[in-house]
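Reading through the structure tokens given below for one structure.
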Amino acid sequence: MMDSDFILEQAAQLRAAGTPFALVTVVRCESPTSAKPGAKAIVHADGTIDGWIGGGCAQPAVIKTVKQALQDGQARLIRISPERSDQTEEGVIDFGMTCHSGGTLDIFVDPVVNRARLLIIGASPAAQALSGLARGVGFAVTAAFPGADRDLFPEADRIVDGFEGIELAAPAFVVVSTQGKRDEAGLEAALATGAEYITFIASERKADKLRQYLKERGHDPARVEAIVSPAGVEIGAETPEEIALSVLAGVVQARRRGRGAVHAASAGQTVQSAPPVVDDAVAAEAIDPVCGMTVDTATAEHRSEYQGRSYFFCCAHCKHSFDKEPERYLEAAAS
């Protein structure tokens, strides 16, 4: 078991290094539990746990939640309890299970992820307004254009004078806001980044003409067609600031959708049970038929074969219970 100060120091080091992780804290318990309020752990993206926030059924539930939280960046409060209430408590994700410890844990999962990076190509008024807005909602902003400087982009994290030297690793989002000044070069620079999302502030007619130009220049037609234009969400924008707001809304929307739909549990809904049977070649998760815990089939340590089917368990105790009376638990899961 690690000291809380050590956990916090390690968290600071990981954050400084840009390594994603989640800081997990026990905030409430009902005995008997091995972890007590204030217990902390760092959970890495691969599911490795440094620290102690409970064993048995607690760890698989925490690991599953951390993986979801690192995907969408949203914190979560989970409850691990032998009794699942029929009435969902707002803001709490309920992992009901029947492990033999019998206690209840409320655990807060706080993801720490790198800021999403946004590259703005162009020095138009809309580009300048977008730089400040994007940084304000958590993007790491790079502004690039010949002549770009701190006077034009006072709030950008990084400024590139020109199109050379733009280095942006995926996942990244690019907004081309050249608006009539070196449009072609700006779009080619955007394509060269390999960004997963590129949007271009222009009319549909102009964008179509430039798409044709890019194809004739030998760029991948699929990537060219994927350029989003007109840019942004329709809000009737007229001023540069309104255009920037519209474009940023589109980028945020793309970011959230691109990372996958948020699991229903993140909205505070109770996680529903699913059939415990799993097709090994397809499913990545299965439901422990004894306690109802969601189990990662790729890393599960405990599994049984019954009537030609595979079943996965969160712990040795659940596997032992199933192996003694498989029909009992399969009938309960089906009801």
Answer yes or no: are there more than 12 heavy-atom neighbours, outside Lys181 itself, under 6.0 Å from its atom NZ? no
Please walk me through it: do Arg117 and Arg158 pass side chain to side chain contact (heavy atoms under 4.5 Å, CB included)? CA-CA 11 Å; Arg117 287 172 289 178; Arg158 179 171 176 245; over 6 Å; no
Is Glu225 atom CD crowded by more than 12 heavy atoms from other residues, nucleotides or ligands, each under 6.0 Å away? yes
Count the heavy atoms of every other residue, nucleotide or ligand shown that sit under 6.0 Å from CZ of Arg223, and state whether that count exceeds 12. yes
Mind listing the closest non-hydrogen atom pair of Ala58 and Ile53 along with its distance? CB-O, 4.0 Å
Does atom NZ of Lys209 have more than 12 heavy-atom neighbours, drawn from other residues, nucleotides or ligands, at distances under 6.0 Å? no
Any donor and acceptor pair, going by atom type alone, linking the side chain of Gln128 with main-chain N or O of Ala123 inside 3.5 Å? yes
Quick test of your reading: applying ring-ring contact (aromatic ring centres under 6.0 Å, His included), list the pairs with at least one residue in residues 112-147, sequence neighbours left out, ordered by first then second residue. Phe145-Phe163
Should we say atom CD of Glu204 is surrounded by more than 12 heavy atoms from elsewhere, each under 6.0 Å from it? no
Step through the shown structure and confirm whether more than 12 heavy atoms of other residues, nucleotides or ligands are within 6.0 Å of CZ on Arg205. no
When Phe200 is tested against each of Asp183, Val174, Val175 for side-chain contact (heavy atoms from CB on, under 4.5 Å), which residue passes? Asp183
Partners passing ring-ring contact (aromatic ring centres under 6.0 Å, His included) against Phe322 (at least two apart in sequence or in another chain): Tyr311, Phe313
Ignoring hydrogens and angles, state whether a donor on the side chain of Glu216 or Gln212 is under 3.5 Å from an acceptor on the partner side chain. yes
Gly132 and Glu155: which non-hydrogen atoms are nearest, and at how many Å? CA-OE1, 3.1 Å
Does a sphere of radius 6.0 Å around CZ in Arg15 hold more than 12 heavy atoms from other residues, nucleotides or ligands, not counting ones at 6.0 Å or beyond? no
Taking distance alone, no hydrogens or angles, what donor-acceptor pairs closer than 3.5 Å link side-chain atoms of residues 17-29 to residues at least two apart or in another chain?
from: Arg28; atom 1: NH1; to: Asp106; atom 2: OD2; distance (Å): 3.3
from: Arg28; atom 1: NH2; to: Glu30; atom 2: OE2; distance (Å): 2.2

Under a 3.5 Å distance rule, please check whether Asp149 uses its side chain to pair with a backbone N or O of Leu152 as donor and acceptor. yes
Ignoring hydrogens, what is the shortest heavy-atom contact between Gly186 and Thr178? Give both atom names and the distance. CA-CG2, 4.5 Å
If we check side-chain contact (heavy atoms from CB on, under 4.5 Å) with Leu130, which of these qualifies: Ile243, Val247, Val141, Ile201? Val247
Smallest heavy-atom separation, Ser229 atom then Ser203 atom, equals OG-O, 4.3 Å
